[in-house]
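Report on one structure; see the data block that follows.
Protein chains get the first letters and strands the later ones, always in sequence-line order, with residue 1 at the start of each.
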Amino acid sequence: MSVIATQQLSKCYGLRRGVDDVDLRVGAGEIFGFLGPNGAGKSTTIRLLLGFLKASSGNATVFGQDCWSDSATIKQEVGYVAGDVRLYPWLTARKALQIVGEIRGRDILSDGLQLADRFRMEPDLPVRRMSRGNRQKVALMMALAHRPKLVVLDEPTSGLDPLMQDTLADCLRELAAAGHTVFFSSHTLSEVESLCDRIAIVRDGQIVVNEQLSRLKARAPRTAVVTFESATVANSVTVPDFITIQSRSNKELQIQITGAAVELTHWAAAQPIIDLSVGPPNLEHLFRQYYKGNAARPVHNAAAGGSAKDAADMEEYVPFPELENS
Amino acid sequence: MKGLLRKIFMEVRWPVLILSIGLALIMALLTELLPKVLGDIDKVFAKLPFVKPLITALLGMDPGEAFTAQMTQAFLWVHPTVLSLIWAHELMYSSRMPAGEIDRGSVDFLLGLPVTRWKLYLSETIGWILSGLFILCVGFSGHWLASAALQPEMRPGAYATFGIITNLMAVYVAVGALAFLVSCNSDRRGRAVGIMFAILLMSFLLNFLAQFWEPAKTVSFLSVMEYYRPAAVIQSGHFPMTDVGILLGAASVFWIAGGVIFQRRSICTV
Ligand SMILES: Nc1ncnc2c1ncn2[C@@H]1O[C@H](COP(=O)(O)OP(=O)(O)O)[C@@H](O)[C@H]1O
Ligand SMILES: [Mg+2]
């Protein structure tokens, strides 16, 4: 059973679109990256999942229970950190652990203080004297101290320094390794790239991509430079369909390919070349296409089963949209 | 629930303590001063004619001839400073959740906890009732200590005093329940307080105008002051059953409506 499942989930704020027809499935043990530019609908989706907002249509479940009507039960096993953490000025990490522990009905003080130590926080500093990053750490500590089955983080790294981002990533990996699920929203690729198993990209309220990161990488464009024996050959050579010529200069041809480089090597073997260098997959480029909305918009929807692996197996491959005309 | 109550206690303890001590001091002072001032009230009425309908409106009866020494104490319970202090606390308290929490953005933290919205609402309600009782009791003790210095015939009977305090508590509950209803419909604390302030002001005005203006009299039943008449309680010596009943009835309707709206609405801090 999926930990998170939504079907045609939509939310309008009056006349403004929040999200539109969102279908998501996240399985247990997955670290799921939810990417999108500002205002795309990431926070709206998360608020729907946590029962802050009532869906205009469609439905959403977490642990198989309805996100709106069973919200309080669901949140027993959920840890949530808001995008813009704002807390009570008098709150300290220790008081927060005490209050949250009483509400959750379990003692989370020692686990929480360990986390506080890991995040290098002073447990008795009140929020009013904290910087934004420190407030974020308090929120993270409250969300992780009870080791929830599902962690929902809305752009959690925006106020954290790189070291703390790494600490957070380690915490999340540990949780995922123990079978817990992480739903992580972000607007930058780099932070999800190293952490997430699978990502979805939301733009203008709609999911435009939902795929394993490894598969996306396989489809990301790469740049290659082919050096020919002579400028004449370089200028007259014709290339097969899967190669796009970006520039020609003297003996060199700069090209772009999509997917694995093996086809390129086959082609190159038959050419009078003296050198070939192939760059790594350029995910960044791929993302920018999606963010800008230049790419076509097929919904690659991976159904997740009991685990992250199942999710990958059940996924249906949809050919990558055209990038040439970008 | 315990954790929620602890959070509320942490947030409101100092304001409530300071306010109740302030109320106690003011009530003690008024207990001493009022008999002296009101002794010469006829001269004041002669000089400033508009004062009489004002006091009549506040007291809920004409202070004219039947203004006994005891009844000067009734004025204590409707004194604008006393009511303002109580309502100031009430408006600040009732607008905390959800309007204040949404305004500040901290509602994200509250709603992320595994509690139903009803439980959030209920814990706020418990804090609101308890803090109201505390403030009234401390305020009353100021009056009670000061009245020891008064001549015995100036002190109102214990039963009448109990009736007045109960009536005032019922006013507190009705106004607060309405403030909760307004707060549940609002995303801005300032707006919720502003609306309630306007309602209370209108309530006073209506009660005042109803003394001499017929159209106001027909709608004066909408004013909360219509159901709070300490002078009448002291004069008759009866418990104000009907007034308390109406106030609590209205309070229940407001409170339930607020809860239902809070339960059903989408909450968004952006
Ligand atoms: N309370 C609100 N009222 C009106 N529109 C809103 C509200 N919250 C969000 N929106 C709109 O919904 C869209 C999605 O917002 P959001 O989910 O916050 O985006 P993200 O978190 O991806 O930056 C935006 O166009 C935003 O303007
Ligand atoms: Mg957001």
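For Arg117(B), the part lying under 4.5 angstrom from a heavy atom of chain A is the side chain only. At a 4.5 Å heavy-atom cutoff, the contact between Glu101(B) and chain A is made by side-chain atoms alone. Neither the backbone nor the side chain of Glu77(A) comes within contact range of chain B; no heavy atoms are under 4.5 Å apart.
Asp124(A) and Thr92(A) are not linked by any side-chain donor-acceptor pair at a separation below 3.5 angstrom, with hydrogens and angles left out of the test. The closest side-chain donor-acceptor pair between Ser266(B) and Arg47(A), if any, does not fall under 3.5 angstrom. His187(A) and Tyr291(A) form no side-chain donor-acceptor contact under 3.5 Å, judged by distance and modelled atom types alone. Side chains of Arg25(A) and Ser2(A): a donor on one and an acceptor on the other come within 3.5 Å.
Of the listed residues (Glu11(B), Arg265(B), Met1(B)), the greatest number of heavy-atom pairs within a distance under 4.5 Å of chain A belongs to Glu11(B). Among Met10(B), Gln263(B), Lys119(B), the residue with the largest count of heavy-atom pairs under 4.5 Å with chain A is Met10(B).
A tilted orientation is assigned to the rings of Tyr93(B) and His89(B), their planes being inclined by 30° to 60°.
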